[in-house]
Undergrad: 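The structure that follows is given in the form of structure tokens.
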Amino acid sequence: MAALDPVLTLCDLESWSRPGTALAVLGHPIQHSISPPMHNAALAALARADARFADWKYFRFEIHPDDLPRALDLLHAKKFRGVNLTVPHKIIAFDRVAEVDAAARPAGAVNTLRWSERGWHGFNTDGYGLASALREVFRRELSGAHVLLLGAGGAARGAAVECLERRCASLWIANRTRENLDGLLAALAGLAGAIPLRGFAPSAPPPGLPGGLLVINATSAGLRDTDPPPIDLAALPGPAAVFDMIYNPPQTPLLRAAAALRIPPANGLGMLVHQGAKALEIWSGVPAAQTAPTMAAAARAALGVA
Ligand code: NDP
């Protein structure tokens with residue numbers, strides 16, 4: 001199903017003249033994204049009950065980071081109603097929006113933009129998507145959990161803010177590049193308050209890590225089957241569950257390692273669905289809970305999973 005959605009480019013945007021209400025996802029790469037079939041299934045279902053949605057359609061664009069400013073200007077000029085941003089645009093776009101939703105500000109990253117006269121209004125629905133997925137797949141809340149977050153990019157930022165705002169018991173962040181890790185820790189310090197917040201290199205888990213960690217992978221390591229897991233789970237003191245934000249492929253080296261150690265694993269499909277339903281709520285006003293089941297069914301069909 002996803003293969004039927006063409007991958008559009010900046011050139012397509014330059015000459016855009018399609019009538020109707022347009023939504024888009026921008027990424028580099030974007031080939032793997034199943035957001036178009038997911039959103040278009042939800043829009044088709046909405047259109048059956050409400051003619052307002054009859055001309056709404058969601059497209060995907062392959063946009064290099066160097067072209068992001070131009071693409072955002074064009075999308076605004078062509079009056080796209082909303083935009084989703086995926087790898088690697090979430091942090092770059094943060095400084096290019098006219099207004100940032102208060103809840104997205106501490107994250108320093110936006111994944112959802114809504115058109116306004118003044119320019120783009122930025123939101124971050126990743127944290128909401130993560131919390132909803134953890135509840136659904138593990139019956140777990142971030143509140144009171146000891147969390148080990150892998151990564152310091154756009155998705156990790158949204159996740160870290162959600163962990164702290166929901167008052168996790170402690171937040172440990174491991175990232176390959178120290179400079180990016182330090183930037184994230186500095187951005188989070190004010191929000192953490194009394195919650196223990198520590199960073200470390202994935203190759204050197206520190207003493208003092210608590211048992212029963214909720215491990216969340218927010219790195220891109222695992223998008224390719226040849227990627228090594230972003231951390232050695234066996235070096236951690238008894239993780240309780242492993243959530244990998246990656247959903248395509250549905251099995252990653254990290255999730256395979258978790259299963260081998262009998263740690264409950266889950267991929268990022270549920271998060272994708274819930275962050276997408278929240279984005280559609282921002283654009284349409286339709287509650288996320290109403291569109292999430294249709295999106296989930298479409299996402300599973302697009303991936304060919306039961
Ligand atoms: P970014 O490009 O902003 O960040 C990438 C992160 O991954 C950085 O921390 C980077 O570390 C790290 N990284 C990249 N390659 C490797 C590697 N080979 N080994 C270890 N670490 C690596 O991307 P996003 O934060 O936007 O997305 C991250 C992942 O989360 C992607 O796989 C994306 O598909 C997934 N995602 C899923 C969502 C869902 O709804 N399920 C929603 C959002 C994201 P460094 O700082 O060292 O470069």
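Computed from a prediction, not measured in an experiment: that's the story for all the values here. Counting convention: from 1, in listed order, for ligands and their atoms alike.
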Undergrad: Within the 4.0 Å heavy-atom shell around Ile246, which atoms of ligand 1 are there?
TA: 32 (O)
Undergrad: Cation-pi check, Lys90 to Phe94: give yes when NZ or CZ is under 6.0 Å from the six-membered ring centre and within 45° of the ring axis, no otherwise.
TA: no
Undergrad: How close does the nearest protein non-hydrogen atom get to atom 43 (C) of ligand 1, and which residue and atom is it?
TA: Lys90 NZ, 3.0 Å
Undergrad: State whether the shortest distance between N or O atoms of Thr177 and N or O atoms of ligand 1 falls below 3.5 angstrom.
TA: yes
Undergrad: Between Arg105 and Asp101, does any side-chain N to carboxylate O distance fall below 4.0 Å?
TA: no
Undergrad: Which one of Gly154, Gly27, Gly151 has a non-hydrogen atom at the shortest distance from atom 3 (O) of ligand 1?
TA: Gly154
Undergrad: Answer yes or no: is there a side-chain heavy-atom contact under 4.5 Å between Leu75 and Trp120?
TA: yes
Undergrad: Of the backbone atoms (N, CA, C, O) and the side-chain heavy atoms from C-beta on, which set of Leu181 has a member under 4.0 Å from an atom of ligand 1: side chain, backbone, both, or neither?
TA: neither
Undergrad: Who gets closest to atom 13 (N) of ligand 1 by heavy atom: Gln275, Arg176, Arg178?
TA: Arg176
Undergrad: Between ligand 1 and Met245, is the shortest N or O to N or O distance under 3.5 Å?
TA: yes
Undergrad: Relative to ligand 1, is Thr219 under 4.0 angstrom through side chain, backbone, both or neither, heavy atoms considered?
TA: both
Undergrad: At under 4.0 Å between heavy atoms, which part of Pro228 makes contact with ligand 1: side chain, backbone, both or neither?
TA: neither
Undergrad: Determine the interplanar angle of the Trp115 and His76 rings, folded into 0 to 90°, and report it as parallel if under 30°, tilted if 30 to 60°, perpendicular if over 60°.
TA: parallel
Undergrad: Between Asp225 and Pro253, what is the shortest heavy-atom contact and its length?
TA: O-CG, 3.8 Å
Undergrad: For atom 4 (O) of ligand 1, which candidate among Pro88, Ala109, Gly153 holds the nearest heavy atom?
TA: Gly153
Undergrad: Leu23, Leu113: one ILVMFWY side-chain cluster at the under-4.5 Å cut-off?
TA: no
Undergrad: Please state which part of Asn175 comes within less than 4.0 Å of ligand 1, counting heavy atoms only: side chain, backbone, both or neither.
TA: side chain
Undergrad: Starting from atom 5 (C) of ligand 1, what is the nearest protein heavy atom, named by residue and atom, and what distance separates them?
TA: Ser220 OG, 3.5 Å
Undergrad: When only distance counts, is Ile91 in polar contact with ligand 1, meaning an N/O pair under 3.5 Å?
TA: no
Undergrad: What protein heavy atom sits nearest atom 42 (C) of ligand 1, and how far off is it?
TA: Asp126 OD1, 3.6 Å
Undergrad: Could you list the atoms of ligand 1 found under 4.0 angstrom from a heavy atom of Val87?
TA: 2 (O), 23 (O), 24 (P), 26 (O), 27 (O), 31 (C), 33 (C)
Undergrad: Tell me whether Leu214 is reachable from Ile263 by hopping between hydrophobic residues (I, L, V, M, F, W, Y) whose side-chain heavy atoms are closer than 4.5 Å.
TA: no
Undergrad: Does some non-hydrogen atom of Asp227 fall short of 4.0 Å from ligand 1?
TA: no
Undergrad: Flag Ala155 as yes when one of its N or O atoms lies below 3.5 Å from any N or O atom of ligand 1, and as no otherwise.
TA: yes
Undergrad: Return the orientation label for the Phe80 and Phe61 ring planes: parallel under 30°, perpendicular over 60°, tilted otherwise.
TA: perpendicular
Undergrad: Could you check atom 28 (C) of ligand 1 against the protein and tell me its nearest heavy-atom contact, residue, atom and distance included?
TA: Ala218 O, 3.3 Å
Undergrad: For ligand 1, which atoms sit closer than 4.0 Å to a heavy atom of Tyr247?
TA: 41 (N)
Undergrad: Hey, quick one: are Val100 and Leu26 part of the same hydrophobic cluster, counting side-chain heavy atoms closer than 4.5 Å, chains of contacts allowed?
TA: yes
Undergrad: Which of the numbered atoms in ligand 1 are below 4.0 angstrom from a heavy atom of Ala152?
TA: 9 (O)
Undergrad: Kindly indicate whether the side chain of Trp283, heavy atoms from C-beta on, has any atom under 4.5 Å from the side chain of Phe123.
TA: no
Undergrad: Could you report the tightest heavy-atom contact between Leu130 and Ala159, atom names first, then the distance?
TA: CD2-CB, 3.6 Å
